[in-house]
Number of protein chains: 2
Amino acid sequence: MSIKGIDLGDVQPPELRQLQAYFALTEAVALLNHQVEQQLRAQGEISAVQFELLMALVKTESLSMTQLADGVVYSRSGLTYQAGLLEKAGLVTRRSNPEDERATLLAITDKGRETVAKVLPGHIEVTRRLLYEAVSDEDLDRLRDIMTRVRDNIRTEPPRSAAPRKRRPGRTNP
Amino acid sequence: MSIKGIDLGDVQPPELRQLQAYFALTEAVALLNHQVEQQLRAQGEISAVQFELLMALVKTESLSMTQLADGVVYSRSGLTYQAGLLEKAGLVTRRSNPEDERATLLAITDKGRETVAKVLPGHIEVTRRLLYEAVSDEDLDRLRDIMTRVRDNIRTEPPRSAAPRKRRPGRTNP
DNA sequence: TATTGTTATACTCTATAACTATA
DNA sequence: TATAGTTATAGAGTATAACAATA
């Protein structure tokens, strides 16, 4: 198989279909993220990352940095940076964990909850218009199942560069 | 419906399912992109954006900046920046279009083709391992169809912030 | 006047490595 | 010694606005 103009040699039809799926996937998500960023910034003055962090905190009341990092793709320093921004904006608090003085516990504030409440309807609106409008309910469930599987697949086996440090005990190799 | 710990008020079950799909989607793609970036950087010293641009040029031999911008999420200046990097690396050439001296035509070089050829097998390998391994052939086709529809849906109607300037004639409003 | 592209600039974000403190 | 987190710093990337040149 060859893509017009270049000899792609080993790219066989199944791989080509995979490439198409991959490009459609990443392009769609890039466009989607772009719009979501705008909406979150406009209505809540937060980024998509910060929204993710707030959503994680909303569900749990208090998380350590490490626990939070498990849900995001960031380096530890990047997370510290974002936590700093959120704290400065009054959306979260940081305190040390009495049971382990090394840890920092993050908790969402009332203002943080307000921000989530303020931003969430618009977020749902945007994703509905851009994502779900083009997708049947059936496909939506399928999409969720597929991507959940993909996410779990990526999260399990391969070395996560987002976690240069092993979080789980029992592993000693770098 | 409420997510533990906060009253999310208007978030009804269907919206909740949508949110779950959205988060799974973006999280999976973020993880995926991360790994792909590493592979491309390691094997070809290019970023994912640059890979996208090269792939677009491989298929067409010559594109203007505007045409290229249509396929990416970038601002014009961002594209100029990336084109500059690619040119400096010797992977593309820039020349002006004889038929419209305003335009800049990009073309991939032999070295650019070599880079694509060098990087593509690894790219396919990574996406296969991370994306397709968790997905049946059937689901893959479905995923491609769904995301293609989503992409087209986003690209058509709403105002694309990536194109602050209208590319198509006949629209005069800012 | 509208369009194509570049430049200058400022800013956001991310990662690496060194560092502190606790377990 | 290993782990949790922060800081310092450097680099990549992006966007905005002003600009030059062509249509």
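From a predicted model like this one, the values you see are computed outputs, not experimental measurements. Letters A, B, ... mirror the listed sequences (proteins, then strands); counts begin at 1.
Heavy-atom nearest nucleotides on DNA chain C were determined for A:S47 and for B:R94, and the one closer to the 5' end corresponds to B:R94. Both A:Y81 and A:R102 lie close to DNA chain C; mapped to their nearest nucleotides by heavy-atom distance, the more 5′-ward contact belongs to A:Y81. When each of B:N97 and A:S77 is assigned the nucleotide of DNA chain D with its nearest heavy atom, A:S77 is the one assigned upstream, toward the 5' end.
Taking atom CZ on B:R95 and atom P on C:dT6, their separation rounds to 14 Å, with Å as the unit. Rounded to whole Å, the distance from CG on A:L40 to C1' on C:dC13 is 16 Å. Rounded to whole Å, atom P of C:dT12 lies 19 Å from atom OH of B:Y74. As a whole-Å value, the separation of B:L79 CG from D:dT16 C1' is 16 Å. In this structure, A:E37 atom CD and D:dG13 atom C1' are separated by 14 Å, rounded to whole Å. Between the P atom of D:dT16 and the CZ atom of A:R41 lies a distance of 12 Å, rounded to the nearest Å. The CG-C1' distance, from A:L105 to D:dA4, rounds to 11 Å in whole Å. Here the C1' atom of nucleotide D:dT6 and the NZ atom of A:K88 are 14 Å apart, to the nearest Å.
Here the nucleotide nearest the side chain of B:T66, chosen from D:dT14, C:dT4, D:dA2, is C:dT4. Of all nucleotides listed (D:dA4, C:dC13, D:dT16), D:dT16 comes nearest to the side chain of B:S75. The side chain of A:S64 lies closest to D:dG5 when the candidates are D:dG5, C:dT7, C:dC13. In this structure, of D:dA15, D:dT22, C:dG5, it is D:dA15 that holds the atom nearest to the side chain of A:H34.
Backbone-only engagement by B:T104 is indicated by non-hydrogen atom pairs under 4.0 Å involving sugar-phosphate atoms exclusively. Using a 4.0 Å heavy-atom criterion, one finds that A:L85 contacts the sugar-phosphate atoms exclusively.
Residue pairs meeting the salt bridge (charged side-chain N to carboxylate O under 4.0 Å, His left out) criterion with at least one member in residues 18-37 of chain B, sequence neighbours excluded, are A:R151-B:E27, A:R155-B:E27.
Hydrophobic clustering (side-chain heavy atoms under 4.5 Å, transitive across Ile, Leu, Val, Met, Phe, Trp, Tyr) keeps B:Y81 apart from B:M65.
Tested against A:L130 for a side chain to side chain contact (heavy atoms under 4.5 Å, CB included), the candidates A:V36, A:L31, A:L32 yield a single pass: A:L32. For the side chain to side chain contact (heavy atoms under 4.5 Å, CB included) criterion with A:L131, the lone passing option out of B:N153, B:I154, B:V150 is B:V150.
The shortest distance between the side-chain N/O atoms of B:Q82 and the OP1/OP2 oxygens of D:dT14 is below 4.0 Å. Phosphate contact (OP1/OP2 of C:dT4, side-chain N/O of B:Q67, threshold under 4.0 Å): absent.
Between the base of D:dG5 and the side chain of A:R76 there is a donor-acceptor pair shorter than 3.5 Å.
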Which is it for A:L106 and A:L53 under the side chain to side chain contact (heavy atoms under 4.5 Å, CB included) test, yes or no, and what are the steps along the way? CA-CA 10 Å; A:L106 287 195; A:L53 294 176; over 6 Å; no
Full working for salt bridge (charged side-chain N to carboxylate O under 4.0 Å, His left out) between A:E114 and A:K111: CA-CA 5 Å; A:E114 282 169 30; A:K111 190 178 176 189; over 6 Å; no
Please lay out, stage by stage, how A:R102 and A:T66 fare under the test side chain to side chain contact (heavy atoms under 4.5 Å, CB included). CA-CA 11 Å; A:R102 293 173 304 180; A:T66 298; over 6 Å; no
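One finds a salt bridge joining A:R142 and A:D139 here, because a Lys/Arg side-chain nitrogen approaches an Asp/Glu carboxylate oxygen to under 4.0 Å.
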DNA chain D in dot-bracket form (Watson-Crick or G-U pairs under 3.5 Å, [ ] crossing, | inter-strand) is |||||||||||||||||||||||
